[in-house]
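One structure is given here, and the rest of the page talks about it.
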Amino acid sequence: VEQGEQRGAGCAQRVGVDEQYGGFLEELDFKGQPTSVDFKRVRVTCRQVYVFSHAALQGWSEGAALSQRGYDYLLQKARRDDGGFVRLLTRQGAVKDATPDLYDISFALFAFAWRYRLTGDEEVRRVALETLSFVREHMRGPGAGFWQWLPPTGPRLQNPHMHLTEACIAAFECFGEEIYLDQAREMVALFRSKLFDGRTLGERFNDHQTASARAVDAGKEPDGRVGAVVGDADINPVAVALDRQHHRRRADLDRVGQQLGRHEKNVGSGIGRRPGAVGRAYPPRIERFRDEAPARRHRRRPTGKFPSQK
């Protein structure tokens with residue numbers, strides 16, 4: 001796994017660095033060349049800082065310099081005067097959208113935790129604390145939790161809170177300061193008491209901290225590590241229930257994969273092929289899955305507009 005991570009980081013070093021305008025490129029085509037996308041998401045730079053810091057800690061020598069490059073770029077181009085971070089930059093590094101977004105800021109805090117783990121730089125500790133202070137002072141919504149961005153519009157979102165919890169756990173592990181642990185506990189209490197219904201975690205909630213439409217996303221549900229770090233035993237039943245749901249979905253995918261594998265083996269002998277058909281033949285349900293997959297992949301690619309959260 002570590003070798004695979006280092007090979008991926010090496011690829012990012014060769015083709016992902018924006019040598020012309022600084023920082024990192026937003027998007028590459030399949031030949032490793034920059035696309036025409038004219039923006040840079042701050043969350044992407046934050047994730048790069050994390051990845052290269054982690055790679056450096058695992059022994060990849062080039063990672064430290066790339067981590068420094070991303071960290072410097074964040075502070076020079078994306079940090080607001082009030083201690084928050086903007087959402088979007090132009091390719092050239094000018095501010096394109098100055099909105100402070102909890103999702104992006106959570107990843108900034110996560111990046112700073114790993115940057116500090118790599119360097120022990122006290123400036124990083126200070127910037128991390130100022131980042132969380134900005135969230136607590138400027139983004140707190142009615143009751144528990146925070147606005148997803150400023151000025152607030154639309155329903156409040158669970159997903160940025162999950163990433164803030166993750167970032168606070170990482171920050172507590174690195175800095176050892178109780179403010180991060182306290183913030184993680186607050187988020188866990190929100191998840192447990194208001195957003196989790198015993199089976200799923202709601203994606204949206206209102207100012208009264210009750211889930212609105214019961215939209216869920218299995219990829220954005222917390223795991224048992226939250227409970228282990230914050231010392232909250234009551235989160236464990238939540239994690240267990242979500243883990244069971246996750247494994248049920250994985251079992252469904254595994255069954256589809258097994259069917260695909262069996263049919264791949266039968267292609268050569270013609271087993272399962274429709275009379276007169278050319279090429280591979282699959283059951284109708286799997287044929288639909290294969291036919292729809294390219295469309296699903298296409299929908300997830302950046303469009304030049306501000307992408308949805310993932």
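For the single chain, residues carry numbers from 1 onward in sequence order.
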Drop me the distance from [X]'s [atom1] to [Y]'s [atom2], to the nearest 0.5 angstrom.
X: Lys96; Y: Arg87; atom1: NZ; atom2: CZ; result: 12.5 Å
X: Leu74; Y: Cys46; atom1: CG; atom2: SG; result: 4.5 Å
X: Leu109; Y: Thr131; atom1: CG; atom2: OG1; result: 6.5 Å
X: Leu25; Y: Asp18; atom1: CG; atom2: CG; result: 4.5 Å
X: Glu27; Y: Asp38; atom1: CD; atom2: CG; result: 11.0 Å
X: Gln92; Y: Leu89; atom1: CD; atom2: CG; result: 10.5 Å

So, using salt bridge (Lys or Arg N to Asp or Glu O under 4.0 Å) as the criterion, who are the partners of [X] when residues are at least two apart?
X: Asp182; result: Arg185
X: Asp82; result: Arg80
X: Glu177; result: Arg125
X: Arg136; result: none

- Message: Parallel, tilted or perpendicular, judged at 30° and 60°: which one describes the rings of Phe107 and Tyr103?
- Response: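 Phe107 and Tyr103: tilted rings.
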- Item | Mutual orientation of the aromatic rings belonging to Tyr180 and Phe175 [parallel < 30°, tilted 30-60°, perpendicular > 60°] |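 Ring orientation, 0 to 90° scale: tilted.
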Determine whether [X] and [Y] make a side-chain contact, defined as any pair of heavy atoms from C-beta on separated by less than 4.5 Å.
X: Gln158; Y: Phe191; value: yes
X: Ile105; Y: Val135; value: yes
X: Asp97; Y: Trp149; value: no

- For Tyr71 and Glu123, run side chain to side chain donor-acceptor pair (under 3.5 Å): C-alpha distance rounded to whole Å, both residues' side-chain angles, the deciding distance at 0.1 Å, then the answer. CA-CA 11 Å; Tyr71 174 76; Glu123 181 199 58; 2.8 Å; yes
In one Ile/Leu/Val/Met/Phe/Trp/Tyr side-chain cluster, 4.5 Å: [X], [Y]:
X: Val44; Y: Tyr21; answer: no
X: Met162; Y: Met187; answer: yes
X: Phe172; Y: Tyr116; answer: yes
X: Val127; Y: Ile179; answer: yes

N/O donor-acceptor pair under 3.5 Å between [X] side chain and [Y] backbone:
X: Ser133; Y: Leu129; value: yes
X: His161; Y: Phe146; value: yes
X: Thr99; Y: Asp101; value: no
X: Gln148; Y: Pro155; value: yes
X: Glu26; Y: Arg41; value: yes

- Determine, for Arg126 against Glu122, whether the closest basic-nitrogen to carboxylate-oxygen distance falls under 4.0 angstrom. no
- Could you tell me whether Arg140 and Glu186 make a salt bridge, using a distance below 4.0 angstrom between a side-chain N and a carboxylate O? yes
- Between the side chains of Ser53 and Arg117, does any donor sit under 3.5 Å from an acceptor?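 No.
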- Message: Please tell me whether Glu62 and Trp60 have a donor and an acceptor in their side chains that are separated by less than 3.5 angstrom.
- Response: yes
- Item | Trace of the side chain to side chain contact (heavy atoms under 4.5 Å, CB included) decision for Leu28 with Gln33 | CA-CA 5 Å; Leu28 303 172; Gln33 299 301 311; over 6 Å; no
- Task: Before giving the answer on side chain to side chain contact (heavy atoms under 4.5 Å, CB included), spell out for Lys40 and Leu88 the whole-Å C-alpha distance, their side-chain angles and the decisive distance to 0.1 Å.
- Result: CA-CA 6 Å; Lys40 292 178 178 177; Leu88 211 60; over 6 Å; no
- Set of ring pair (Phe, Tyr, Trp, His ring centres under 6.0 Å) partners for Phe85, sequence neighbours left out: Phe112
- Going by the ring-ring contact (aromatic ring centres under 6.0 Å, His included) test, which pairs reach into residues 119-139, not counting sequence neighbours?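 Those involving residues 119-139 are Phe134-His138.
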- Task: Kindly indicate, with the supporting measurements, whether the criterion side chain to side chain contact (heavy atoms under 4.5 Å, CB included) is fulfilled by Arg47 and Phe110.
- Result: CA-CA 8 Å; Arg47 289 165 173 168; Phe110 187 75; over 6 Å; no
- Item | Non-hydrogen atoms of Ala64 and Leu118 that approach each other most closely |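 For Ala64 and Leu118, the tightest heavy-atom pair comes out as CA-CD2, 4.1 Å.
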- Message: If I compare all heavy atoms of Cys174 with all of Ala113, which pair ends up nearest, and what's the gap?
- Response: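 Heavy atoms of Cys174 and Ala113 come nearest at SG-O, 3.1 Å.
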- Message: Would Arg91 pass as a cation-pi partner of Phe39, given that its NZ or CZ must be under 6.0 Å from the six-membered ring centre and within 45 degrees of the axis?
- Response: no
